[in-house]
Structures are given as C-alpha cells and as structure tokens.
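Since the structure is predicted, the reported quantities are computational estimates derived from the model, not experimental observations. Residue numbers start from 1 in every chain, and the chains themselves are labelled A, B, ... in the order their sequence lines are given, proteins ahead of strands.
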2 protein chains.
Amino acid sequence: MTITDQKPAHNDRAPEDRAQIIREHFRNAIIERRLAPGTKLSESEVGGLFDVSRTVVRSALQMLALEGLVRSERNRGAFVATPSPEEARQIFAARRLVEPGMAAAACDRVDPADIAALKRHLRGEASLMTERGPSARRAEIRASGEFHLLLASVAGNDILYRFLEELTARSSLVIALYGRSGASSCGHDEHESIVVALEAGNAQRAAKLMLQHIDHIEADLDLRLTEGLPLSEALHLP
Amino acid sequence: MTITDQKPAHNDRAPEDRAQIIREHFRNAIIERRLAPGTKLSESEVGGLFDVSRTVVRSALQMLALEGLVRSERNRGAFVATPSPEEARQIFAARRLVEPGMAAAACDRVDPADIAALKRHLRGEASLMTERGPSARRAEIRASGEFHLLLASVAGNDILYRFLEELTARSSLVIALYGRSGASSCGHDEHESIVVALEAGNAQRAAKLMLQHIDHIEADLDLRLTEGLPLSEALHLP
DNA sequence: TTGGCAGAGATTGTATCCAATCTTTGCTAT
DNA sequence: ATAGCAAAGATTGGATACAATCTCTGCCAA
C-alpha cells in the first residue's frame, strides 16, 4: 500500500484552505485503511500528488500530527501513526469515559429529525454489510465510526465532537493494527439498540449500551502481542 | 496589554522545534492572562520578538488555533480567541463530562508519591493566595488550572491529559471574559477536599466533589451579557 | 567476511521572495 | 459635509531557494 492510492483534490471550486482539503483526504484514507500504519508521507511526494508546494503539505501534516493520526519525526519525516498497545488502551479508556455520557446528553436533546437521520444511517450500515468487496468494507468501517460522530452532533457540543473525531479516527488505526476479526461490523445491532434507547428517551440505558458497545469493540482487540517489547514496534515496518 | 509583554525564548540549549517553544510561551501568556482575548498576533511582530522567520511563527499559530486558544482568520491574521458564551458552555459541559470520571480513575491509580505531589501543590496554591500583587494573581490562576492537570497525570492517560490541557487553557480565557469575581481562587479548599477523597481511596466521592467544583467555577461566570447579540463581540475590540 | 567510515543523494527545516487580499487614507463628486 | 471610490501601504498565503540533517552506498581495513 502506498500513498499513491490517494486521489488528488481538484481545486476547481475550492480556493480556500487547501491544507484542510489535504488533511481530510488523508484522514479519510487513514480511517478507511487505504493507508497502512507506518506509511511514509514524504512532503515532496504529497505535494506532487495534490499539486501544491511543500508549505501547504507541511501545514496539513502538522494538523494530522496534532490529531495523533500522523507521527512526525524531526529531520526524518511524517508517517502514518502506529499506536502502541498502551496508546490503544488509552484511546478506548477515553472513549469509555466520554461516550456514555455523551449518549445520555444526546438523549436529552434528540429531536425527531435526529432520530430519522440516525435510522437512515443504520439502514446505510445494514446495506453495506450485505455488499461484497473491499470497497464496501472500507465504507462499512467508515460508517461505523460515523455513527458515533452522528451521536456527538446530536449532543450538540462542538468541542466533544472534535475530540471524538480524533478518537474514532485513531480507533480505526488501532483496529487495523490489533483487530482480531478484521471486520468491525460486529457492532451494528448494538448501534441499532442505542438508537432505540434514544428514541425511548431512556438516557441511562443509552449510556449503558454505549459503554457495552465500546467494551465489545475493545474486546475484539489483541493487545498482548507487543506487550512489554518496546523494540518490537520497529518490527512492524515492512 | 500588548504582545510585547512576551519574553523571547533564548534558544541557547533548545535547538529543537522552536515553533513548540513559541507555542508554549503564548500558551502560558494566555493562561496567565497577560494576553487579553482579541489581541492581534502579527506574524512579523512575533517573528521579530522571537527572532525567527514568519514560517515558524505560522506553525506555532496554527497549533494554537487547533487548540482553540487562537482564532485565525484568512488574510486577516491571528487573534487571541474570544470564546462566545455558547462556546464557554460547551467547554464546561465537556469538563463536567470528563473530569469526574478522571478523578475516579485517578483514585484507582494514585500512589503515595502522587498524594505527596498533590499536597505540595495545594501548599503552593495556599501560599500564593496570601501574596499580593498581579504577579501572584497570575501564578494563582495558573496553579489552579495545573491542579486539574496534575490529577489528569495521576489518572495516567496521555490523551485525556492533552484534552484537559486544552480545556483548562480555554477555561482561563472564558474566566477572563465572563468571570464575575475576577479571582478564581474560590475553589482552593475544594481542591483540598478532592485530594482528601483521593487519599481515602473514595473514587465516588472524588468524582462527586470534582463535579461540584466545576459547577462552582461555572457558577461564577456571567454568560448572559452578550447573549444573542452577535455583533457585540466586535465591540470588545479596543 | 565484517565492521566502520566517508561521501553522495535525498529529505526536512527555515528564510526569503512574490502574489493575493485586506485596510487605510485621501480625493472627488453629490 | 458626507458618501463613494481609488490608490498606497501593510499583512497574510504560498512557492522557492538555501541550509541542516539524515540515509544509503561503496570502499577500505582488520
């Protein structure tokens, strides 16, 4: 897998902030696992692909580094992040801390239009699960994370939304590295039951289901592998 | 108040990442309210003060913008952020969601050395409260936020620590704008009682006290003032 | 054969230069 | 006198050029 998989942005109607556009392209590529952890992101190469100078590429890479999606080493370059098992644990600990309360908050503010949007999303997830092929798989991974973001937007807190954007994206990296079953589709009906709780206005139940859901995602990980072997991280390099 | 209050970094033993150094200087200046919300941060001027090119200043400002401490307007420049009342509410909502659980987590992982560090911090806060002068006030504001960060480091989750760094810094801006009593010292004994709960290993009580503490900080704010008057934000400019 | 060293090539870090945009100032016409 | 407009100045956005650092390759010696 190389960064050449990345489609260049055609800037015909986007005169504003090209760095942001590049950032989003990489974000999507990382979430959908078209870019493997550890992939080198050369400034010149990226600049060539998007037809911009290194200046704007550096800006995009800096944003991605602050989000934890990219690891940037001085005088060495930028690489798609490879979260350690410890980092993975912290990511899910943060999600366990934030998301149940957020689901409860969403429950208090949800309106019929939100419910409709959530159900529409569930139908999309379901139809993706029936499709075959790697493209559908990618879309499924992506949709699974977006459910959590949709919930965050219902809760109506931009700051938490941004935080969860970071956490879900990094979770995708973690699942790519340590996921056992490969597909993270296991949780679809859990999404569904959370929406049911939301529709019923049962905040406590929504929070509890969300906590269980996160636990299930984390339970599918195998974080033992490189445990206590700091040098083994390097062995992941192709 | 101008950005000239900022002391330049002498880079004699810091050959690495000057942008990071500049970022931290601004972070501290904003937290300690030496830089007022809305202050213009001109790239040339900052570059002159730190004796670096605009390139590295831009990098620092971009980091600060992503943290929410600086608002960056295209072709206009960067300004110290002026959080809206709604933004302030979201910041404290996020803190209410995160910090009680974090206090509980800290309770489970705390060791005697942590307790000692926390008590040392409390003594520092107490002694600052007795001192007079704006310098002591600044240090007090800063120390008050650092208590929460200290707790986050006890909880041992780097990701939450970074998130809370952002939230406490932005809270400082909010208090500068909407704080009623000016001094945020009101909460010192609350810090103390949280440490007591921690020492007793009572996680539930620590969480409850933390929630109350955040509520008290927020209760000192007056968020009505500019409510519903979008244009009044501009009137804050000197 | 293996270890180390040196130099070439490649890549990042920073400064500077030019273009685009905004702001201000001063003039003109109503 | 005031509103509108235009040109000059200032500031940011982006590209390029140069410096610093790293990596890789090949040679030499043990």
Side-chain angles (χ1 to χ4, degrees), chain A residues 2-4 6 8-26 35 38-66 69-81 234 237-238, chain B residues 2-4 6 8-26 38-66 69-81 231 233-235 237-238:
Chain A
T2 75
I3 62 180
T4 325
Q6 193 65 34
H10 37 38
N11 311 348
D12 26 59
R13 70 134 202 74
E16 54 159 330
D17 219 344
R18 292 178 284 176
Q20 199 70 23
I21 292 171
I22 294 177
R23 168 183 165 270
E24 280 160 23
H25 272 264
F26 274 101
L35 277 174
T39 307
K40 171 89 187 276
L41 307 175
S42 149
E43 296 179 357
S44 322
E45 187 176 1
V46 175
L49 288 172
F50 287 92
D51 195 42
V52 295
S53 80
R54 281 177 46 218
T55 308
V56 56
V57 175
R58 284 178 69 81
S59 172
L61 290 177
Q62 181 178 344
M63 289 190 267
L64 290 162
L66 286 176
L69 295 182
V70 156
R71 164 179 44 97
S72 174
E73 298 181 17
R74 186 177 181 85
N75 284 322
R76 296 267 339 269
F79 306 83
V80 177
L237 299 175
Chain B
T2 75
I3 63 179
T4 325
Q6 193 66 33
H10 37 39
N11 311 349
D12 26 59
R13 68 132 201 73
E16 54 159 331
D17 219 346
R18 292 179 284 176
Q20 199 69 24
I21 292 171
I22 295 177
R23 168 182 163 271
E24 281 161 23
H25 272 266
F26 274 101
T39 306
K40 170 89 186 276
L41 307 175
S42 149
E43 294 179 358
S44 322
E45 187 176 1
V46 176
L49 288 172
F50 287 91
D51 195 41
V52 295
S53 80
R54 281 176 46 217
T55 308
V56 63
V57 175
R58 284 176 68 84
S59 172
L61 290 177
Q62 181 179 339
M63 289 191 268
L64 290 162
L66 286 176
L69 295 183
V70 156
R71 164 180 44 98
S72 174
E73 298 181 17
R74 185 176 182 85
N75 284 322
R76 295 267 339 268
F79 307 83
V80 177
L231 55 96
E233 185 162 307
L235 302 181
L237 299 176

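Remark: B/Arg18 is in phosphate contact with C/dA15, judged by side-chain N or O atoms under 4.0 Å from OP1 or OP2. OP1 or OP2 of D/dG14 lies within a sub-4.0 Å distance of a side-chain N or O belonging to B/Arg74. For the OP1/OP2 pair of D/dG13 and a distance below 4.0 Å, the side-chain nitrogens and oxygens of B/Arg58 include at least one atom meeting the criterion. Taking side-chain N and O atoms only, A/Ser53 has a distance below 4.0 Å to OP1 or OP2 of D/dA15.
Aromatic ring pairs are classed by plane angle as parallel below 30°, tilted from 30° to 60° and perpendicular above 60°; the pair A/His25 and A/Phe50 is perpendicular.
Inter-residue side-chain proximity for B/Val70 and B/Phe26 is flagged as unmet; no heavy-atom pair is nearer than 4.5 Å. Residues B/Glu45 and B/Lys40 are not in side-chain contact: their nearest non-hydrogen atoms beyond the backbone lie 4.5 Å or more apart.
Taking atom CG of A/Asp17 as the reference point, atom P of D/dG13 lies 9 Å away to the nearest angstrom. Taking atom CG on B/Leu61 and atom P on D/dG13, their separation rounds to 10 Å, with Å as the unit. Between the P atom of D/dG14 and the CD atom of A/Gln20 lies a distance of 12 Å, rounded to the nearest Å. Atom CD in B/Glu73 sits about 11 Å away from atom P in D/dG13, given to the nearest Å. Rounded to whole Å, atom C1' of C/dT12 lies 15 Å from atom CZ of A/Arg71. Look at CD on B/Gln62: it is 13 Å from C1' on D/dG14, rounded to the nearest Å.
With sequence neighbours excluded, the residues satisfying side-chain hydrogen bond (donor to acceptor under 3.5 Å, both in side chains) with A/Thr55 are A/Ser53. Shown here are the side-chain hydrogen bond (donor to acceptor under 3.5 Å, both in side chains) partners of B/Glu43, two or more places apart in sequence or in another chain: B/Arg54, B/Arg58.
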Q: Would you mind building the protein contact string for nucleotides 6-11 of chain C? One character per nucleotide, 5' to 3', B for base within reach (heavy atoms under 4.0 Å), S for sugar-phosphate only, - for untouched.
A: -----S
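Taking CG of B/Leu69 as the reference point, atom CG of B/Leu61 lies at 11.5 Å (rounded to 0.5 Å).
Judged purely by atom type and a 3.5 angstrom limit, A/Gln62 has no side-chain atom pairing as donor or acceptor with the backbone of B/Gln62.
Scanning atom types as modelled, no donor and acceptor separated by under 3.5 angstrom connect the side chain of A/Arg54 and the base of D/dG14.
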